[in-house]
*Asks:* 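Okay, handing you the structure first.
Bear in mind that the values here come from a model prediction, so they are computed numbers and not experimental data. One is the number of the first residue; the rest follow in order along the sequence.
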Amino acid sequence: MEKRLIVGIGEALWDILPEGAKLGGAPSNFAFHTHQFGFDAMAISALGNDVLGDQTRKELDAAELEYEMPIVPYPTGTVQVELDDEGVPTYNIKENVAWDNIPFTPEIEAAAKRACAVCFGTLAQRNDVSRATIQQFLSTTGKECLKIFDINLRQTFYTKEIIKESLQACDVLKINDEELITIGRLFGYPGLDIEDKCWLILGKYNLKMLILTCGVNGSYVFAPAAKSFVETPTVDVVDTVGAGDSFTAAFTAAILSGETIEKAHQFAVEVSAYVCTKNGATPTLPKQFTEKLVQK
């Protein structure tokens with residue numbers, strides 16, 4: 001029996017970090033980690049016909065991660081990442097690159113029909129070409145496919161229209177406390193505390209779940225009949241690059257493995273805390289995490 005496929009779709013890029021270049025991009029990070037939990041996983045994006053495009057394929061092949069990344073006449077994406085004294089990144093994201101121009105190919109259509117979950121964000125929707133592909137992918141998936149909108153607001157690469165369309169298309173919203181403030185301003189939710197904003201968004205868009213991460217102040221999962229809160233563990237942070245992607249991947253894998261919201265939430269917190277103790281977005285996870293979930 002074919003395993004269920006989890007997909008990350010959007011930007012494939014190289015994070016230019018102080019210690020050198022590392023393959024990144026939220027969809028690839030998400031797919032990489034869900035693959036570590038035993039699922040078939042696929043990263044969907046686009047690459048340039050260049051050295052970084054070649055290197056991307058080599059690294060994904062080495063990780064044994066399935067991918068659909070057509071070659072397009074634009075350079076492979078890069079991001080200049082600078083870390084502050086606490087390891088928190090800021091990003092300078094290059095524009096008009098390959099992942100802005102993801103075509104909707106027959107192979108990508110086939111992946112949509114196989115998918116049991118897909119994670120997408122706003123960043124890769126900054127260009128009309130990739131936005132259309134992402135929305136077509138979402139509309140092609142089956143009814144049981146869990147659609148996770150990891151909003152991932154970066155610089156000015158988002159609009160109210162893109163956010164609203166994505167909220168209407170998703171089952172699960174993942175957002176951080178700073179992004180929630182931005183959404184409150186954009187959509188006119190002044191004067192509400194963070195929990196009330198979350199309940200309002202959950203109900204307005206008929207979401208199955210809303211995940212709110214608040215950095216060192218813990219994280220929440222809201223569902224129509226449930227709320228979970230988990231404190232953030234104290235760890236020696238090396239950098240936080242990719243921690244959010246590992247959280248989303250761990251939570252998704254746990255839910256698809258039949259875990260409760262509370263257990264999936266706790267698992268996601270533990271995994272993302274571990275990732276914070278390592279360099280880069282995609283460290284190899286220890287067996288205490290990778291062997292914990294049993295697919296059902």
*Asks:* Please confirm whether the backbone N or O of Ala41 pairs with a side-chain atom of Thr34, one donor and one acceptor, at under 3.5 Å?
*Replies:*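 Side chain of Thr34 to backbone of Ala41: no pair is present.
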*Asks:* Would you say that Tyr274 contacts Gln288 through its side chain, given a criterion of any heavy-atom pair below 4.5 Å between the two side chains?
*Replies:*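 Of all side-chain heavy-atom pairs linking Gln288 with Tyr274, none is under 4.5 Å.
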*Asks:* Using the side chain to side chain contact (heavy atoms under 4.5 Å, CB included) rule, take Phe251 and Val221 through it: C-alpha gap first, then chi angles, then the decisive distance, then the call.
*Replies:* CA-CA 10 Å; Phe251 185 85; Val221 180; 4.0 Å; yes
*Asks:* Indicate if Phe120 and Ile108 have the same hydrophobic cluster label, given that clusters are the connected sets of ILVMFWY residues with side-chain heavy-atom separations under 4.5 angstrom.
*Replies:*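 Linked within one cluster.
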*Asks:* So, does Ser272 use its side chain to make a donor-acceptor pair with the main chain of Phe247 at under 3.5 Å?
*Replies:*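 Checking the backbone N and O of Phe247 against the side chain of Ser272, no donor-acceptor pair under 3.5 Å is found.
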*Asks:* For Lys164 and Leu186, what are the C-alpha separation, side-chain angles and deciding distance, and is it a side chain to side chain contact (heavy atoms under 4.5 Å, CB included)?
*Replies:* CA-CA 10 Å; Lys164 184 176 180 180; Leu186 270 178; over 6 Å; no
*Asks:* Report yes or no: do Gln135 and Gln125 form a side-chain donor-acceptor pair below 3.5 Å?
*Replies:*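 A donor-acceptor contact under 3.5 Å links the two side chains.
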*Asks:* For residues Tyr158 and Ile151: do they belong to one hydrophobic cluster (side chain heavy atoms under 4.5 Å, members Ile, Leu, Val, Met, Phe, Trp, Tyr)?
*Replies:*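 In one cluster: yes.
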*Asks:* Looking only at heavy atoms, what is the nearest atom pair of Ala115 and Val7, with distance?
*Replies:*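 It is CB-CG2, 4.1 Å.
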*Asks:* I'd like to know if the side chain of Thr232 and the backbone of Gly215 have a donor-acceptor N/O pair within less than 3.5 Å.
*Replies:*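 Pair found, side chain donor or acceptor close to backbone of Gly215.
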*Asks:* Mark yes when over 12 heavy atoms from residues, nucleotides or ligands other than Glu178 sit less than 6.0 Å from its CD; otherwise mark no.
*Replies:*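 No.
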*Asks:* Glu144 vs Arg4, test: salt bridge (Lys or Arg N to Asp or Glu O under 4.0 Å). Steps then yes/no.
*Replies:* CA-CA 11 Å; Glu144 299 303 312; Arg4 296 175 296 170; over 6 Å; no
*Asks:* Do Val129 and Phe157 sit in one hydrophobic cluster, given that two such residues count as connected whenever their side-chain heavy atoms are within less than 4.5 Å of each other, even indirectly?
*Replies:*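 Different clusters: Val129 never reaches Phe157 through Ile, Leu, Val, Met, Phe, Trp or Tyr contacts under 4.5 Å.
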*Asks:* At what distance, to the nearest 0.5 angstrom, does CG of Leu173 lie from CD1 of Ile211?
*Replies:*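 Going from CG on Leu173 over to CD1 on Ile211, the span is 8.0 Å.
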*Asks:* How long is the gap from CD on Glu165 to CZ on Phe149, to the nearest 0.5 Å?
*Replies:*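 These two atoms lie 10.0 Å from each other.
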*Asks:* So, Phe32 versus Tyr67, ring centres under 6.0 angstrom or not?
*Replies:*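 Ring centroids of Phe32 and Tyr67 are no less than 6.0 Å from each other.
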*Asks:* Under 3.5 Å, is there a donor-acceptor pair linking the side chains of Asp100 and Asn127?
*Replies:*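 Absent: no donor and acceptor within the cut-off.
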*Asks:* Compare all side-chain heavy atoms of Leu180 with those of Cys198 and state whether any distance is below 4.5 angstrom.
*Replies:*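 They are in contact (side-chain heavy atoms under 4.5 Å apart), so the answer is yes.
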*Asks:* Phe267 and Glu262: side chain to side chain contact (heavy atoms under 4.5 Å, CB included), yes or no, with the steps?
*Replies:* CA-CA 9 Å; Phe267 182 63; Glu262 291 78 11; over 6 Å; no
*Asks:* Please evaluate residues Glu270 and Gln266 with respect to the criterion side chain to side chain donor-acceptor pair (under 3.5 Å), reporting the C-alpha separation (whole Å), side-chain torsions for both, the decisive distance (0.1 Å), and the verdict.
*Replies:* CA-CA 6 Å; Glu270 292 171 2; Gln266 182 65 47; 3.2 Å; yes
*Asks:* For Leu202, does its backbone N or O pair with a side-chain atom of Asn206 as donor and acceptor, under 3.5 Å?
*Replies:*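 Here the side-chain-to-backbone pair does not exist.
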*Asks:* Nearest 0.5 Å please: distance from the OH atom of Tyr189 over to the CD1 atom of Ile194.
*Replies:*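 Interatomic distance, Tyr189 OH to Ile194 CD1, rounded to 0.5 Å: 16.0 Å.
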*Asks:* Verify whether one side chain among Ser228 and His265 offers a donor that lies under 3.5 Å from an acceptor in the other.
*Replies:*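 Yes - a donor-acceptor pair under 3.5 Å links their side chains.
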*Asks:* Does some side-chain heavy atom of Val118 sit less than 4.5 Å from a side-chain heavy atom of Ile6?
*Replies:*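 With C-beta onward as the side chain, the pair stays apart.
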*Asks:* Is there a path from Ile44 to Leu65 through hydrophobic residues (I, L, V, M, F, W, Y) whose side chains come within less than 4.5 Å of each other?
*Replies:*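 Not linked; separate clusters.
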*Asks:* Are Val269 and Val172 grouped together when hydrophobic residues (ILVMFWY) are joined by side-chain heavy atoms under 4.5 angstrom apart?
*Replies:*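 Same cluster.
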*Asks:* Do you know which two heavy atoms are closest between Asn152 and Ala26, and how far apart they sit?
*Replies:*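 Closest pair (atom of Asn152, atom of Ala26, distance): ND2-CB, 3.8 Å.
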*Asks:* Taking the side chain from Ser28 and the backbone from Gly25, do they hold a donor-acceptor pair closer than 3.5 Å?
*Replies:*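 No, because the side chain of Ser28 does not come within donor-acceptor range (under 3.5 Å) of the backbone of Gly25.
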*Asks:* Hey, are Asp150 and Thr248 close enough side-chain-wise for a donor-acceptor pair under 3.5 Å?
*Replies:*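 On atom types as modelled, these side chains qualify, holding a pair under 3.5 Å.
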*Asks:* Under the ring pair (Phe, Tyr, Trp, His ring centres under 6.0 Å) rule, collect the residues that match up with Phe187, sequence neighbours excluded.
*Replies:*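 Scan of Phe187 (ring pair (Phe, Tyr, Trp, His ring centres under 6.0 Å), adjacent residues dropped) gives none.
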*Asks:* Crowded around Asn49 CG? As in, over 12 foreign heavy atoms under 6.0 Å?
*Replies:*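 Atom CG in Asn49 is not packed in, count stays at 12 or less.
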*Asks:* Contact between Arg57 and Met69 at the side-chain level, heavy atoms closer than 4.5 Å - yes or no?
*Replies:*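 Heavy-atom side-chain distance check fails, nothing below 4.5 Å.
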*Asks:* For Tyr205, which residues count as a ring pair (Phe, Tyr, Trp, His ring centres under 6.0 Å) partner, sequence neighbours excluded?
*Replies:*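 Expected list: none.
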*Asks:* Should Ile16 and Val79 count as side-chain neighbours, where that means a heavy-atom distance under 4.5 Å?
*Replies:*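 Ile16 vs Val79: side chains apart.
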*Asks:* Determine, using ring centers only, whether Phe137 and Phe104 are less than 6.0 Å apart.
*Replies:*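 Here the rings of Phe137 and Phe104 have centres that are no less than 6.0 Å from each other.
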*Asks:* Can you measure from CG (Leu23) to CG (Leu52) and round to the nearest 0.5 angstrom?
*Replies:*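 Nearest 0.5 Å value for the CG-CG distance: 9.5 Å.
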*Asks:* Of all the heavy-atom pairs spanning Ile71 and Gly48, show the shortest one and how long it is.
*Replies:*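 So the two residues come closest at CD1-O, 3.9 Å.
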*Asks:* Could you tell me if the ring centre of Phe222 sits under 6.0 Å from that of Tyr220?
*Replies:*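 Yes, the ring centres sit under 6.0 Å apart.
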*Asks:* For residues Ala111 and Leu5, report the shortest heavy-atom separation together with the two atoms involved.
*Replies:*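 Here Ala111 and Leu5 meet closest at O-CD2, 3.9 Å.
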*Asks:* Using the salt bridge (charged side-chain N to carboxylate O under 4.0 Å, His left out) definition, which of the options Glu66, Glu109, Glu107 pairs with Arg114?
*Replies:*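 Exactly one option meets the salt bridge (charged side-chain N to carboxylate O under 4.0 Å, His left out) with Arg114, and it is Glu66.
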*Asks:* With a 4.5 Å limit on heavy-atom distance, are the side chains of Ile102 and Ser45 in contact?
*Replies:*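 Yes - at least one pair of side-chain heavy atoms lies under 4.5 Å apart.
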*Asks:* Tell me, do Pro70 and Pro103 make a side-chain contact under 4.5 Å, heavy atoms counted?
*Replies:*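 Heavy-atom side-chain distance check passes, below 4.5 Å.
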*Asks:* Return the CD1 to OG1 distance between Ile93 and Thr78, rounded to the nearest 0.5 Å.
*Replies:*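 Answer rounded to 0.5 Å: 10.0 Å.
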*Asks:* Starting from the C-alpha separation in whole Å, work towards a yes-or-no answer on side chain to side chain contact (heavy atoms under 4.5 Å, CB included) for Met209 and Ile261.
*Replies:* CA-CA 9 Å; Met209 286 170 274; Ile261 285 175; 3.9 Å; yes
*Asks:* Identify, with sequence neighbours excluded, every residue that meets side-chain contact (heavy atoms from CB on, under 4.5 Å) alongside Ala124.
*Replies:*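 Testing Ala124 for side-chain contact (heavy atoms from CB on, under 4.5 Å), a comparison that skips the adjacent residues, returns Glu11, Trp99, Ile134.
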*Asks:* Looking only at heavy atoms, what is the nearest atom pair of Ala226 and Trp199, with distance?
*Replies:*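 So the two residues come closest at O-CH2, 3.5 Å.
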*Asks:* Can any side-chain N or O of Asp50 pair as donor or acceptor with the backbone N or O of Thr76 at less than 3.5 Å?
*Replies:*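 Answer holds: yes.
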*Asks:* Is a donor on one side and an acceptor on the other found under 3.5 Å between the side chain of Ser130 and the backbone of Asn101?
*Replies:*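 Checking the backbone N and O of Asn101 against the side chain of Ser130, a donor-acceptor pair under 3.5 Å is found.
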*Asks:* I'd like to know if the side chain of Asp171 reaches the main chain of Lys147, judged simply by a donor and an acceptor atom lying under 3.5 Å from each other, with no hydrogens or angles considered.
*Replies:*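 Judged by distance alone, yes, a pair lies under 3.5 Å.
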*Asks:* Before accepting this row, confirm whether a basic side-chain N of the pair Arg131/Glu161 lies closer than 4.0 Å to the acidic partner's carboxylate O.
*Replies:*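 Here Arg131 pairs with Glu161 in a salt bridge, since their nearest N and O are under 4.0 Å apart.
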*Asks:* Is there a side-chain contact between Val275 and Asp245 (heavy atoms, below 4.5 Å)?
*Replies:*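 Contact flag for Val275/Asp245 side chains = no.
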*Asks:* For the atom pair OG1 (Thr213) and CG (Asn176), what is the distance rounded to the nearest 0.5 Å?
*Replies:*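 So the gap between those two atoms works out to 5.0 Å.
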*Asks:* Tell me the closest heavy-atom pair linking Cys276 and Val235, and the distance in Å.
*Replies:*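 Scanning both residues, the minimum pair turns out to be CB-CG2, 4.5 Å.
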